[in-house]
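As structure tokens, the structure follows; a few thoughts come after it.
In this text the structure is predicted, and so the values were computed from the model without any measurement.
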Amino acid sequence: MKRLTSLFSKPSESDSFSSTSRIPRTFRFPKIKINTKLLLRILGISSSVLAVILILAYFFVIRPMLNIAAKAQELKDSTYTINKGLQELNFTEVKEGLDVTKRELAEFEKVYQDNMALIRRVPGTEVYYQDSQHMLSVIEQGIELGELTVSILEPHAADLGFSTNGVVPEQIPAQERVMKLIKLMPQFSSKVGEISDKMQKIDNELSQIDASRYPTQLPGIVSRFGVGSKLNVREQILALQSISSELSAKAPQFESFFNAIPDFMGLNEPKKYLILMANNYEIRMSGGFNTYVIVAEFNQGIPQITYSIDTYFIDEGDRTGSSNLVSRNVPYFLGKYLYIQERGGRLYARDATSTNADFPKAADTLLTEFWKKDRSLPQDIDGVIQINNDIAVDILRVVGPVNTEKYSIRTDTGAYITVPVTEFSADNVIENLENIAGGKLAETIGRKEIIKFLGQSILQKIFTSEATNLVNIARVMLDSMSKKDIMLYSFDPNVEKAFQDLGYGGRIVNVPDGSDYLHVNRSNFGAGKADWTKEGFVTQDVYKNIEVKDGKKISTVKVTIHNPKRPSWYNIDPCCFYNAYLRVYAPLGSKMVSVTASDGQDPQGAEYSDTALSKTYFESFTRQQKETDLEVIYVYELPDAVNLDDYRILIQRQSGTSVDDYKIGVEGVTQEILLNSDKQLAF
């Protein structure tokens, strides 16, 4: 060690290198004596310990998990008969499927409990075991809910189009089945209480699961248990909790809904409704841009189109001549940001429903400022229905393609253009409408008549086909009303209350004292059809955070507008800038601190109080270049009444928008949701 020590010690003057210094001898590591027996002994002990760990892991974790996975697959397979029965309208198969699933669940629970007894001994697994107990209870309650539903519907299976015990129901057009079902709805209402109780139990179990404990992606080893590693468990749990919470909250309200529907659908006397065809690919305040109006009469549940008009011609063109329908009641924001060239001289009928985020109030503007003033238009209206583009896609996906008949329209020059027989499907309906109304017939009076003909073709197929699956159509309609792709406004107070209680009416609603409120509303002013609900078009994310600063409850809402590159097939002008008029609705009495934009532009932030809606809103207007993201940040002080100790917030969805990501944070606690309907959150 002497040589080694001298090498690393501080050199003396005599050891310093110079031209005359001697070169040191080659360094050699000292010889180390290895105790081979001791090393082998250590390796042997380590191998034995590892083997014991692997054996314990196999018996306590791997083998039990394999047993559970195998039984879980059998339980999953048992649901096939239920799904098959629903698809083929076979009531017997649905009942058999429920029975099989119930037996498989009992067997699964036995295998699960036997094997989990070993797994629960592993530290940290108890919380997941308790979550699994909640999920098993959810499945059990779900089967019981299915059995209850079957017992309610079984006496009316034939009217629904289901076969039972091998007896195929008489093939009758869907029109007759619809009339029978409408008459039966009040009978269903008496069973709503039992269904509601089951849904409440399911929601109570799901609410006890903490989704944040679960990963967004699973390790690759789970594939050995028949589970995909890309499964986002956290997102799945959050989605299930969200759906359950919404259904359990709405279930009690369906009693009044079932009682109201017969009257709304004209069972006792015909009802007449304005149906607004809203193009949500150009998003506006109460949904899509109001492009076309149809008048439909509902008689015993069956709608018949009796009149239609392009919204441009309600108050313009030869039909009205000089027109006494010129409205000077122009909202300030339209005059400032949309009617730039005319300086807001008049309000147009086509923009009447772009004036309010509350759908009934927006519809009332169309009625009072225009429709009711022109007695040549159909009067004696019983309500207003708004339909977005996406409902056409969803309905065609259920009923299949339809053809519109060949027709001709007169051009501005007096010549005629013939529109040939056209097939519309879920995949091409919007593109075909654009190609016809915006391409072949652009700038032609009557170019939007294709909307009427398409509506007639869809209604004819739904109500005359013997193969119509009313269950699937009902599912689409309920989902569309929940998403606000369909909004219902009845002038009958009882019917209107039933719609509003379920959130189907498009109202900006009041919240209880102490609760928070959020509604982000976006209007596309002059940026063309940039809001298609598909990849390549404008979407937004919303982040809201609350923290206490100097004793004040400060809310920060960040809206990120994504304006991506358009698809290669998109060739519609203008493209591809984006003008966004945004409003953030908050509890009445909130106070603006600041409104800023991430690119430094002045968003022209302002605060207004809407006492009619009992809300304060903060507005902004931004211009955004193509293929960019823009953040608009609103900072405001909440009223003292908002309770952060028991924090609750209602988030209302805007009709016609994409399903956006929302993240809500309160003093370090965060919840994430996809806003596919109005949501109530509690912290």
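Counting only distance, with no hydrogens or angles, the side chain of Ser490 and the backbone of Val495 share no donor-acceptor pair below 3.5 Å. At distances below 3.5 Å, not a single donor-acceptor pair connects side-chain atoms of Tyr273 with backbone N or O atoms of Leu488. Judged by distance alone, with hydrogens and angles left aside, the side-chain atoms of Arg566 form a donor-acceptor pair with the main-chain N or O of Pro564 at under 3.5 Å. When atom types are taken as modelled, the side chain of Ser482 and the backbone of Leu478 share no donor-acceptor pair closer than 3.5 angstrom. Looking at Thr311, its side chain never comes within 3.5 Å of a backbone N or O of Ala349 through a donor-acceptor pair. Ser256 contributes no side-chain N or O that, together with a main-chain N or O of Ala498, makes up a donor-acceptor pair within less than 3.5 Å. At least one donor-acceptor pair closer than 3.5 Å links the side chain of Asn521 to the backbone N or O of Met285. A donor-acceptor pair is defined here as one N or O able to donate and one able to accept, closer than 3.5 Å; no such pair exists between the side chain of Asn388 and the backbone of Asp390. Between the side chain of Thr365 and the backbone N or O of Lys361 there is at least one donor-acceptor pair closer than 3.5 Å.
Between Tyr281 and Phe537, the ring centre distance reaches or exceeds 6.0 Å.
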For a side-chain contact (heavy atoms from CB on, under 4.5 Å) check, start with the C-alpha distance between Thr657 and Gln540, then their side-chain angles and the critical distance, and finish with the verdict.
CA-CA 9 Å; Thr657 56; Gln540 67 187 26; 5.6 Å; no
Take Ile508 and Gln652 through the side-chain contact (heavy atoms from CB on, under 4.5 Å) test and state the conclusion after the steps.
CA-CA 8 Å; Ile508 298 294; Gln652 285 202 273; 4.1 Å; yes
Go through it in stages, so that I can follow the logic: the residues are Gln654 and Ile283, the test is side-chain contact (heavy atoms from CB on, under 4.5 Å), and I'd like the CA-CA distance, side-chain angles, deciding distance and then a yes or no.
CA-CA 10 Å; Gln654 180 185 4; Ile283 198 71; 3.7 Å; yes
Ile391 vs Val476, test: side-chain contact (heavy atoms from CB on, under 4.5 Å). Steps then yes/no.
CA-CA 8 Å; Ile391 187 62; Val476 169; 4.0 Å; yes
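Classification of Asp315 and Arg346 as a salt-bridged pair holds, one side-chain N sitting under 4.0 Å from a carboxylate O. The existence of a salt bridge linking Asp531 and Arg522 is confirmed by a sub-4.0 Å separation between a basic side-chain nitrogen and an acidic carboxylate oxygen.
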Run the side-chain donor-acceptor check on residues 378-387: report pairs under 3.5 Å with partners two or more places apart or on a different chain.
unit_1, atom_1, unit_2, atom_2, d
Gln379, OE1, Arg375, NH1, 3.4
Gln379, NE2, Trp371, O, 3.2
Gln379, NE2, Asp374, O, 3.2
Gln379, NE2, Leu377, O, 3.0
Asp382, OD2, Lys272, N, 2.8
Gln386, NE2, Ser286, O, 3.0

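For the side-chain contact (heavy atoms from CB on, under 4.5 Å) with Leu366, the lone residue among Asn290, Asp351, Thr355 that qualifies is Asn290. Between Tyr348 and the choices Phe313, Phe289, Tyr339, the ring-ring contact (aromatic ring centres under 6.0 Å, His included) rule is met once, by Tyr339.
Distance check, rounded to the nearest 0.5 Å: CG of Asp541 to OG1 of Thr560 gives 6.0 Å. The distance from atom NZ of Lys461 to atom CG of Leu459, rounded to the nearest 0.5 Å, is 13.0 Å. Rounding to the nearest 0.5 Å places CG of Asp660 at 6.5 Å from OG1 of Thr539. The distance from atom CD of Glu496 to atom OH of Tyr489, rounded to the nearest 0.5 Å, is 6.5 Å. Note that CG of Leu454 is 4.0 Å distant from CD1 of Ile458, once rounded to the nearest 0.5 Å. A distance of 6.5 Å separates CD1 of Ile182 from CD1 of Ile302, quoted to the nearest 0.5 Å.
Within the 4.5 Å cutoff, side-chain heavy atoms of Leu338 are placed close to those of Arg284. The side-chain heavy atoms of Met185 and Leu181, taken from C-beta on, include no pair separated by under 4.5 Å. Looking at heavy atoms from C-beta onward, Phe499 lies out of side-chain contact with Asp492 at the 4.5 angstrom threshold. Counting heavy atoms from C-beta on, the side chains of Ile275 and Val295 never come closer than 4.5 Å.
When all heavy atoms of Gly455 and Ile305 are compared, the closest pair comes out as C-CD1, 4.2 Å. Here the closest non-hydrogen pair linking Arg653 and Leu675 is NH1-O, 2.9 Å. Listed here is the closest heavy atom pair of Lys484 and Asp678: NZ-OD1, 2.9 Å. Of all the heavy atoms in Asn563 and Phe577, the pair that sits closest is ND2-C, 4.0 Å. Pro360 and Gln500 make their closest contact through CG-NE2, 4.2 Å (heavy atoms, listed as atom of the first residue, atom of the second, distance). Here the closest non-hydrogen pair linking Gly506 and Met487 is CA-SD, 3.6 Å.
In this structure, the salt bridge (charged side-chain N to carboxylate O under 4.0 Å, His left out) partners of Arg397, at least two apart in sequence or on a different chain, are Asp394.
Relative ring orientation between Phe621 and Tyr337 is described as parallel, the plane-to-plane angle staying below 30° on a 0-90° scale split at 30° and 60°. Phe254 and Phe258 have tilted rings, their planes meeting at an angle from 30° to 60° on a 0 to 90° scale. Between Phe333 and Phe525, the ring-plane angle classifies as parallel under the 30° and 60° cut-offs.
Crowding of Met477 atom CE: a count of heavy atoms from other residues, nucleotides or ligands under 6.0 Å not exceeding 12. Under a cut-off of 6.0 angstrom, the local environment of CD in Glu423 is crowded, with over 12 non-hydrogen atoms contributed by other residues, nucleotides or ligands. More than 12 heavy atoms of other shown residues, nucleotides or ligands fall within 6.0 angstrom of atom CD in Glu627.
Residues Thr533 and Asn280 have side chains that never bring a donor and an acceptor to within less than 3.5 angstrom of each other.
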